[in-house]
Amino acid sequence: MTDIPTIQHYIDGKAAAGTSTRTAPVYNPATGKVAKNVLLASTADLDAAVAVAQAAYPAWRDTSQARRQTIMYNFRELLNARKGDLADILTAEHGKVTSDALGEIIRGLEVVEFALGMPHLTKGEYSENVSTGVDVYSIRQSLGVVGIISPFNFPAMVPLWYFPIAIAAGNTVVLKPSEKDPSASNWLAELFTEAGLPNGVLNVVHGDKEAVDALLVNPDVQAISFVGSTPIARYIYETAAKNGKRVQSLGGAKNHMLVLPDADLELTADAAVNAGFGSAGERCMAISVIVAVEPVADELIAKIAERVKGLTVGDGTRGCDMGPLITQVHRDKVAGYIDIAQADGADVVIDGRDITVDGDADGFWLGPTLFDKVSVDSAVYLDEIFGPVLSIVRVASYQAGLDLINASQYGNGTAIFTNDGGAARRFQNEVQVGMVGINVPIPVPVAYHSFGGWKNSLFGDAKAYGPAGVNFYTREKAVTSRWPDPSHGGINLGFPQNN
Ligand code: NAD
């Protein structure tokens, strides 16, 4: 046990041990073995990191836009050049296959590229001569120290949704990544230091609820960005808001794919398999329910089943299609839904427990699982399962499918598959979901739009990245200015009017 490394915090440009000796195990999900331990910060450790970020803030805020852009550009170049190293870390701690790990890094890189435009994005507006000799202009300024709390399923991409924009806008950051796969955050912060970021601007503190709670109440933290499951997202939103902070808090999901009878079923089956089983279903934008408008279900299921037969499950470094789940506990919880589905009367078309794996027998394996005729009262339909489980619900009409989707407590992503432009346009207008795909199964917006769901998939009104991210990490100041001239208005206690 003694040779298992311990992952430390990264504070003020270097590794830091802090005062807490509590740790959590970090597994390699493909072997089932503890590969590392990670420190779990105390409140004092978290507060010390915030103090470092607070001390670094004035100089970073006043660093020129040109200098900040140069550092951001260096970071972009280093990240692009070394993304293979980061992908290896993701595969080793999360389990996702190498190609998928690279995919999440590339989506994160897009946000770094977007953040390079910060001088343009924050340049404000100017109105000349609003009153005689008076000008009004607005500027966007940074907030101060901001906190980011991220989930296990995108250990690189979700931190990259936030810290490049926060930092480019002049804020300093304390990032608390998931304790299940913490190494990616340290790697990114070290890389940013190498790119020229001053010490203390990006700090990584590892931990669990104790560290999160300390971040939520620290008076020097101005804003919180959270991504995770819905109950925690709600708690973060309420607690941070009560403590006077800005909050953007993204929660869980149950994403439906509505398939109309006129859809191209080859395209639809490909999309269903990719979006249902990619990353072992551990994506907040995974498709987990197919709502099949009859009579398409039988044919679609046959096409999906045929594709699933060709999928390989195994160690993500070996070129397989799908890796393991994040922990044994999570794997067992997901597998438990197969029993629930049977008990609730669904047809188990494919049972993910019956698989051959290209990997260690102790890995956290579960193969692609497909249920048909799932009841909408069953926990299989209602719960966010977050694994390689795809449910088919059969409905009689477009309207019945739409009503089902709109009745869900979640509203993260959804997709419609059809060749009818009118139906697609109607769906886009009527569906109560924040991100909609039309013949696109995982409609994650590009970095210059914003990401976020509706209902219990997002608390607060601020989406992630894009224009919403820039607004979130800056606040507007309006300046009304007059330079002395030879004319004087004299005393007037009335409310100022423009003339
Ligand atoms: P999680 O809610 O368990 O953990 C997220 C973060 O919260 C972690 O950093 C964790 O340490 C912290 N945390 C956990 N329990 C806490 C508690 N009691 N108090 C304070 N902090 C706590 O989520 P996860 O399992 O890491 O990630 C998967 C979930 O994230 C899924 O529900 C998924 O849908 C969601 N997710 C949503 C999006 C989105 O964009 N909406 C994106 C990715 C993941």
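First listed ligand is number 1; within each ligand, the first listed atom is number 1. Computed over heavy atoms, backbone and side chain alike; hydrogens, waters and symmetry mates excluded.
- Residue pairs meeting the salt bridge (charged side-chain N to carboxylate O under 4.0 Å, His left out) criterion with at least one partner in residues 442-459, sequence neighbours excluded, are absent.
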List ligand 1's nitrogen or oxygen atoms that come under 3.5 Å of a protein nitrogen or oxygen, with the partner atom and distance.
residue  : atom   : partner : partner atom : Å
ligand 1 : 2 (O)  : Ser229  : N            : 2.9
ligand 1 : 2 (O)  : Ser229  : OG           : 2.7
ligand 1 : 9 (O)  : Ser150  : O            : 2.8
ligand 1 : 9 (O)  : Lys176  : NZ           : 2.9
ligand 1 : 11 (O) : Lys176  : NZ           : 2.7
ligand 1 : 11 (O) : Glu179  : OE1          : 2.7
ligand 1 : 26 (O) : Phe152  : N            : 3.0
ligand 1 : 30 (O) : Gly228  : O            : 3.4
ligand 1 : 32 (O) : Glu384  : OE1          : 2.7
ligand 1 : 32 (O) : Glu384  : OE2          : 3.4
ligand 1 : 34 (O) : Glu384  : OE2          : 2.5
ligand 1 : 41 (N) : Gly251  : O            : 2.8

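- Using modelled atom types, one finds no donor on one side chain facing an acceptor on the other under 3.5 Å when comparing Asp360 with Thr31.
- A salt bridge links Asp339 with Arg353: the closest approach of a Lys/Arg side-chain nitrogen to an acidic carboxylate oxygen falls below 4.0 angstrom.
- Within the structure, every pair that satisfies the salt bridge (charged side-chain N to carboxylate O under 4.0 Å, His left out) test and touches residues 170-193, not counting sequence neighbours, is listed here: Lys176-Glu179.
- Defined by atom type and a distance below 3.5 Å, a donor-acceptor pair is present between the side-chain atoms of His256 and Tyr381.
- Every pair tested for salt bridge (charged side-chain N to carboxylate O under 4.0 Å, His left out) that includes a residue from residues 146-165 fails, sequence neighbours excluded, so the list is empty.
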